[in-house]
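Below you'll find the structure, written out as structure tokens, and then a few comments.
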2 protein chains.
Amino acid sequence: MVNTDVYSADKMREILTAYLEKKAFRKTIERYTILECICCMPGHFDVETLRKYVTENHFRVSLAAVYNTIELLMDAGLVVRHQFSSRTVQYELKCAALTHHHVICSYCGSVSEVKTEKVKIATDCKIPKFTPEYYSLYIYGMCSKCKFREKIQL
Amino acid sequence: MVNTDVYSADKMREILTAYLEKKAFRKTIERYTILECICCMPGHFDVETLRKYVTENHFRVSLAAVYNTIELLMDAGLVVRHQFSSRTVQYELKCAALTHHHVICSYCGSVSEVKTEKVKIATDCKIPKFTPEYYSLYIYGMCSKCKFREKIQL
DNA sequence: TTTACTGCAAATATTTTGCAATATC
DNA sequence: GATATTGCAAAATATTTGCAGTAAA
């Protein structure tokens, strides 16, 4: 059973600390600040938006540090990556991502969400030689706007 | 109910033709050749590999045409995009993708597959204002190799 | 004949890397 | 004090675009 609670910023800081200690990585201000900022950002974000947010609200960080840190936070299990369309890579707090799946309109590219409880994923067989930790489901289709647009053009 | 048959190359050519006619796009040799080549390629492929394959086996196509055509084939519902890791965008025939979900090791990045029938996805509620057409499920976790590696290091 | 599509090369966007400076351990 | 991590800028990579030429309708 996967835990779908949204963690507090405190809890996440603890997880990051435990991860850094286990891996013997350094506890830099940048790493904690970037995590802090991610916790403050609502929903999805991209690298540029995150960097702007950090820089404006706290202090200057280099692009390299942002990329490094996101990679590290993904490895620590705190952040996940999404690629909804070819252009933009987006990220999201993993504990937030666990609460919903993504619903993507193939026609206009709009992204919405559906609560995890409303979708059941059941693996009949255990996957051989694999221990699942996280399911990421993307539901593609046509949103009502595009459906309407299609209708009136016929 | 989603059709999970793997189409023949003929069937796909027909689908492409119907799509091009409906949209009043032109039937260029490049479009048919690229689709043909995709049908010959086993499993996933990236833009560069596809282009190399087309060029080596048939005739020279520009990168721009490859990008254009992949975009078009995705719109036609013949091809889907995957992004398993940050580096590589991969594509796959949609009718092939429908037969399996992707199982990705978060630690070493290896990608394997699990048959669609072995995983049940059930939406309890209809998704409001949305018509689903295609489900894409990524199962992240730890493969046996990484599990073993982790074990012997403890 | 018209113009959508291609090829080519340049432009843009995104991500990574090398190296010196800095901060953590 | 040793060195992992940062900042910066340059390099590498991936994708898009402008324009002239070609070919589909």
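A, B, ... follow the sequence lines: proteins, then strands. Residue 1 opens every chain.
Remark: B/Ser8 pairs with no residue by the side chain to side chain donor-acceptor pair (under 3.5 Å) rule, at least two apart or across chains. The side chain to side chain contact (heavy atoms under 4.5 Å, CB included) search around B/Ser112 returns B/Val103, not counting sequence neighbours. Residues that satisfy the side chain to side chain contact (heavy atoms under 4.5 Å, CB included) test with A/Asn57, not counting sequence neighbours, are A/Tyr53. Checked against side chain to side chain contact (heavy atoms under 4.5 Å, CB included), A/Ala76 has the following partners two or more places apart in sequence or in another chain: A/Tyr19, A/Leu78. For A/Ser136, the side chain to side chain donor-acceptor pair (under 3.5 Å) criterion is met by A/Tyr138, not counting sequence neighbours.
Listed by residue number, there are no residues of residues 31-50 of chain B with a heavy-atom contact under 4.0 Å to DNA chain D.
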Identify each atom pair where a protein N or O and an N or O of nucleotides 9-12 of chain D are less than 3.5 Å apart, giving names and distance.
none

Might you list the N or O atoms of the protein lying below 3.5 Å from N or O atoms in nucleotides 19-21 of chain D, with each pair's distance?
none

Pairs under 3.5 angstrom, nitrogen or oxygen only, protein versus nucleotides 22-25 of chain D, please.
unit_1, atom_1, unit_2, atom_2, d
D/dA24, N3, B/Arg26, NH1, 3.4
D/dA25, OP1, B/Lys27, N, 3.0

List, with names and distances, any nitrogen or oxygen atoms from the protein found under 3.5 Å away from nitrogen or oxygen atoms belonging to nucleotides 10-12 of chain C.
none

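Taking five base pairs at each end of the helix from C/dT1-D/dA25 to C/dC25-D/dG1 and finding the rotation axis that steps the C1' atoms of four pairs onto the next four gives two axes whose angle is 40°, to the nearest 10°.
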Contacts table for residues 31-44 of chain B: side-chain donor-acceptor under 3.5 angstrom, sequence neighbours left out:
unit_1, atom_1, unit_2, atom_2, d
B/Arg31, NH1, B/Arg26, O, 2.8
B/Tyr32, OH, B/Thr17, OG1, 2.6
B/Thr33, OG1, B/Ile29, O, 2.7
B/His44, NE2, B/His102, NE2, 2.9

